[in-house]
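One structure is given here, and the rest of the page talks about it.
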Amino acid sequence: MAQDLFHYERMVEAALRGVVRDALARVGREGLRGGHRFYITFGTAAPGVEIPEELRARFQPDMTIVLQHQFWDLEVDNEKFSVTLSFQKQLEKLVIPFAAIRSFADPSVEFALEFTPQPGAEATASPRPAALPAVAKPAAKSDDKNDEKKEDEKPAATVVALDAFRKR
């Protein structure tokens, strides 16, 4: 067999990371519409990842974020994206290079991509297992109008594991 001098696998991965970039850029311009939501898993120790240290310590080696109801200031460029999310009612800005992304999913249309870590994409920090919180189920609606949330209030963001969505 001939040696792959074109590195086709790398080209395909780069093109698929472009799909993620294009989807995020579109959401940055137009917002999320319909039932679309994005589950993005990334390596927390990857070079260029900027997240608060308490999140990095809690979510090793990977973290999954969900872009659905509560996210702000989504900015996308060719190499990375940044977004502000709420963690325990505290707003935090995350900067995530596309090279750090391990998986991307939009379960509303059963679309998912998995990536192999790129060479040099991991820092030398020793990985520590982290328990991810379970997905919170929506609370039952109350008949009492005083208990209803205001229209502009949205549920808090939740970090979930993507293993339940992966085909084995």
Side-chain angles (χ1 to χ4, degrees), residues 9-123 130 132-133 135-136 138 149-167:
E9 285 186 23
R10 287 190 206 158
M11 285 193 236
V12 169
E13 284 246 341
L16 291 175
R17 288 180 194 279
V19 170
V20 175
R21 181 181 55 248
D22 291 351
L24 289 171
R26 184 170 179 180
V27 169
R29 288 188 312 270
E30 303 170 9
L32 273 172
R33 298 185 303 198
H36 289 279
R37 60 196 179 277
F38 297 156
Y39 291 73
I40 303 168
T41 300
F42 62 96
T44 56
V49 170
E50 297 175 23
I51 60 174
E53 287 305 315
E54 56 272 6
L55 292 177
R56 190 181 317 272
R58 185 172 171 200
F59 297 103
Q60 282 287 337
D62 299 329
M63 180 178 185
T64 298
I65 59 173
V66 179
L67 300 185
Q68 185 174 10
H69 296 296
Q70 287 192 336
F71 64 91
W72 301 269
D73 307 323
L74 177 61
E75 295 179 9
V76 181
D77 66 30
N78 286 333
E79 302 298 321
K80 67 188 176 310
F81 73 97
S82 63
V83 65
T84 301
L85 298 173
S86 177
F87 295 91
Q88 298 176 339
K89 297 184 181 183
Q90 179 70 35
L91 295 181
E92 302 286 358
K93 182 178 180 178
L94 288 74
V95 177
I96 303 163
F98 291 109
I101 295 177
R102 302 277 174 80
S103 65
F104 172 87
D106 183 348
S108 68
V109 292
E110 298 182 14
F111 179 79
L113 297 170
E114 287 194 31
F115 302 101
T116 55
Q118 294 184 342
E122 291 303 319
L132 296 176
V135 177
K149 290 185 175 184
K150 296 177 186 175
E151 286 183 24
D152 60 338
E153 290 183 4
K154 296 179 183 177
T158 303
V159 178
V160 297
L162 275 182
D163 292 338
F165 300 101
R166 291 191 177 124
K167 293 181 182 178

Any side-chain heavy-atom pair of [X] and [Y] under 4.5 Å:
X: Phe115; Y: Arg102; value: no
X: Phe87; Y: Leu55; value: yes
X: Leu67; Y: Leu24; value: yes
X: Tyr39; Y: Asp106; value: no
X: Phe81; Y: Leu74; value: yes
X: Val20; Y: Leu113; value: yes
X: Thr41; Y: Phe59; value: no
X: Ile40; Y: Thr64; value: no

- Apply the test side-chain contact (heavy atoms from CB on, under 4.5 Å) to residues Asp62 and Thr44: give CA-CA distance (whole Å), side-chain angles for both, the deciding distance (0.1 Å), then the verdict. CA-CA 5 Å; Asp62 299 329; Thr44 56; 5.9 Å; no
Would you compute the distance between atom [atom1] of [X] and atom [atom2] of [Y] and round it to the nearest 0.5 angstrom?
X: Arg26; Y: Arg33; atom1: CZ; atom2: CZ; answer: 5.0 Å
X: Leu85; Y: Leu91; atom1: CG; atom2: CG; answer: 9.0 Å
X: Ile51; Y: Met63; atom1: CD1; atom2: CE; answer: 5.5 Å
X: Leu16; Y: Phe98; atom1: CG; atom2: CZ; answer: 13.0 Å

Main-chain N/O of [Y] paired to [X] side chain as donor or acceptor, under 3.5 Å:
X: Gln90; Y: Ser86; answer: no
X: Arg37; Y: Gly35; answer: yes
X: Thr84; Y: Lys93; answer: no
X: Arg56; Y: Val49; answer: yes

- Message: Tell me whether the rings of Phe111 and Phe104 are parallel (<30°), tilted (30 to 60°) or perpendicular (>60°).
- Response: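 Plane angle over 60°, so perpendicular.
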- Message: Side chains of Thr116 and Glu13 only: does a donor on one sit below 3.5 Å from an acceptor on the other?
- Response: yes
- Item | Donor on one side chain, acceptor on other, Ser103 and Glu114, under 3.5 Å | no
- Task: Using a cut-off of 6.0 Å, state whether more than 12 heavy atoms not belonging to Glu79 lie near its atom CD.
- Result: no
- Specify the closest pair of heavy atoms between Val76 and Ala25, including all atoms of both residues, with the distance to one decimal. CG2-N, 3.8 Å
- Message: If you compare all heavy atoms of Pro97 against all heavy atoms of Lys80, which two are closest, and at what distance to 0.1 Å?
- Response: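 In this case the closest contact between Pro97 and Lys80 is CA-CB, 3.6 Å.
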- Task: Take Ile101 and Arg17, measure what side-chain contact (heavy atoms from CB on, under 4.5 Å) needs, and give me the verdict at the end.
- Result: CA-CA 8 Å; Ile101 295 177; Arg17 288 180 194 279; 3.9 Å; yes
- Could you walk me through whether Val66 and Phe71 pass side-chain contact (heavy atoms from CB on, under 4.5 Å), step by step? CA-CA 9 Å; Val66 179; Phe71 64 91; over 6 Å; no
